[in-house]
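Just below is one structure, and these are the notes that go with it.
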Amino acid sequence: MIKREKECRLRVRELQDKLVEAKRQREEELQVSNEKIAHLKDQLQEMKAKTSMESKYLKKDADVRVSSTQKKCEMGESELEEEAERLSRSVVEEGQVHTEIEQFLKQHQEDLTAQVEYWMNKHEKDVQMKQDELDALKSARDNDMVRLKELTDKYNEYEEVVVDDRIQKEKERRRAEQEALQARAATRVQAWWRGIMVRHQLGPYSKKKKKGKKSGKKGKKGKK
């Protein structure tokens, strides 16, 4: 029973350690997920800021170019037409570049949003899975605690029986020792009393019979 109790205690301790480890892993995974989400949000904000800055830059650049064109209006008509055509081509090209950049940034933003949604969904699923594992561990621990209580109650009952048996055996041992002591004391008293009777020639150790034999011998001598 003691061995089974130790095993139950070890089992409870192992379950408690596993529960602590599961909580620690869950907290670490939550922290990693939160860090990833924060990082993705930072990237998204950075992309938005970059897009805004590039738009402002292109607008400013176009304004500068228009201003430059206006200044060059004082130049000859042919030069102005050539410059206008060149600027038009440049604006078209820059517009195309701007459109491509805007599409790229938009696609990148959508990818980041999808990643954020993915990690948030994964985070929720992982949290739910860890919660289910934690609930299972709690249920197993509760069952083990119930079993441990049952074993503890049985052990206490058996221990009471063992204690009663030990008390009874101790009483019997003491009674046997007392009887043996009394027997030894009685033997010593008998030996002591026998010694007194022998020294004082009492009882069966008396010398009366020997005196009778001596008187008989005297009688025989008288007859002679």
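One finds the CH2 atom of Trp192 at 15.0 Å from the OG1 atom of Thr187 (value rounded to the nearest 0.5 Å). Expressed to the nearest 0.5 Å, how far CE of Met129 lies from CG of Leu134 amounts to 12.5 Å. A distance of 16.0 Å separates CZ of Arg147 from CG of Asp142, quoted to the nearest 0.5 Å. Taking CG from Leu15 and CG from Asn143, the interatomic distance works out to 10.0 Å, rounded to the nearest 0.5 Å. The structure places CG of Asp144 at 15.0 Å from NZ of Lys149, a figure rounded to the nearest 0.5 Å.
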* Asked: Going through the checks in order, is the salt bridge (Lys or Arg N to Asp or Glu O under 4.0 Å) test met by Glu157 and Lys154?
  -> CA-CA 5 Å; Glu157 293 176 1; Lys154 288 184 180 180; over 6 Å; no
* Between Lys122 and Asp126, does a salt bridge (Lys or Arg N to Asp or Glu O under 4.0 Å) hold up when you go through it step by step? -> CA-CA 6 Å; Lys122 186 176 184 301; Asp126 292 342; 2.9 Å; yes
* To do: Carefully, step by step, assess Glu35 and His39 under the rule side chain to side chain donor-acceptor pair (under 3.5 Å).
  => CA-CA 6 Å; Glu35 290 177 356; His39 179 67; over 6 Å; no
* Carefully, step by step, assess Glu27 and Lys23 under the rule salt bridge (Lys or Arg N to Asp or Glu O under 4.0 Å). => CA-CA 6 Å; Glu27 291 176 356; Lys23 288 182 178 179; over 6 Å; no
* Audit row: Arg24, Glu21, salt bridge (Lys or Arg N to Asp or Glu O under 4.0 Å) steps and yes/no -> CA-CA 5 Å; Arg24 185 185 65 77; Glu21 181 65 17; 2.2 Å; yes
* Please test Gln131 against Asp135 for side chain to side chain donor-acceptor pair (under 3.5 Å), starting from the C-alpha separation and ending with a verdict. => CA-CA 6 Å; Gln131 185 64 42; Asp135 293 339; 3.1 Å; yes
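When side chains are defined from C-beta on, Val163 counts as touching Glu159, because their heavy atoms get closer than 4.5 Å.
Residue Leu40 comes nearest to Gln115 through the heavy atom pair CD2-OE1, 3.4 Å, listed as atom of the first residue, atom of the second, then distance. Summarising the geometry of Arg141 relative to Leu19, their closest heavy-atom pair is NH1-CD2, 4.1 Å, with the distance given to 0.1 Å.
Asp42 meets the side chain to side chain donor-acceptor pair (under 3.5 Å) test with no other residue; sequence neighbours excluded. Partners of Asp132 by side chain to side chain donor-acceptor pair (under 3.5 Å), not counting sequence neighbours, listed by chain and number: Gln128. Residues passing the side-chain contact (heavy atoms from CB on, under 4.5 Å) test with Glu93: none are found, sequence neighbours excluded. Looking at residues two or more places apart in sequence or on another chain, you find a side-chain contact (heavy atoms from CB on, under 4.5 Å) between Lys130 and Gln25, Arg26, Glu29, Glu133.
Heavy atoms of other residues, nucleotides or ligands lying less than 6.0 angstrom from CE of Met197 number more than 12.
Applying the salt bridge (charged side-chain N to carboxylate O under 4.0 Å, His left out) definition to pairs two or more places apart or across chains, those involving residues 176-204 are Arg173-Glu177.
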Give every donor-acceptor pair under 3.5 Å between a side-chain atom in residues 99-113 and any protein atom, sequence neighbours left out.
| from | atom 1 | to | atom 2 | distance (Å) |
| --- | --- | --- | --- | --- |
| Thr99 | OG1 | Gly95 | O | 2.7 |
| Gln107 | NE2 | Asp111 | OD1 | 3.2 |
| Thr113 | OG1 | Gln109 | O | 2.8 |

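Counting only distance, with no hydrogens or angles, the side chain of Thr152 and the backbone of Leu148 share a donor-acceptor pair below 3.5 Å. Side chain of Ser90 to backbone of Arg86: no donor-acceptor contact under 3.5 angstrom is found.
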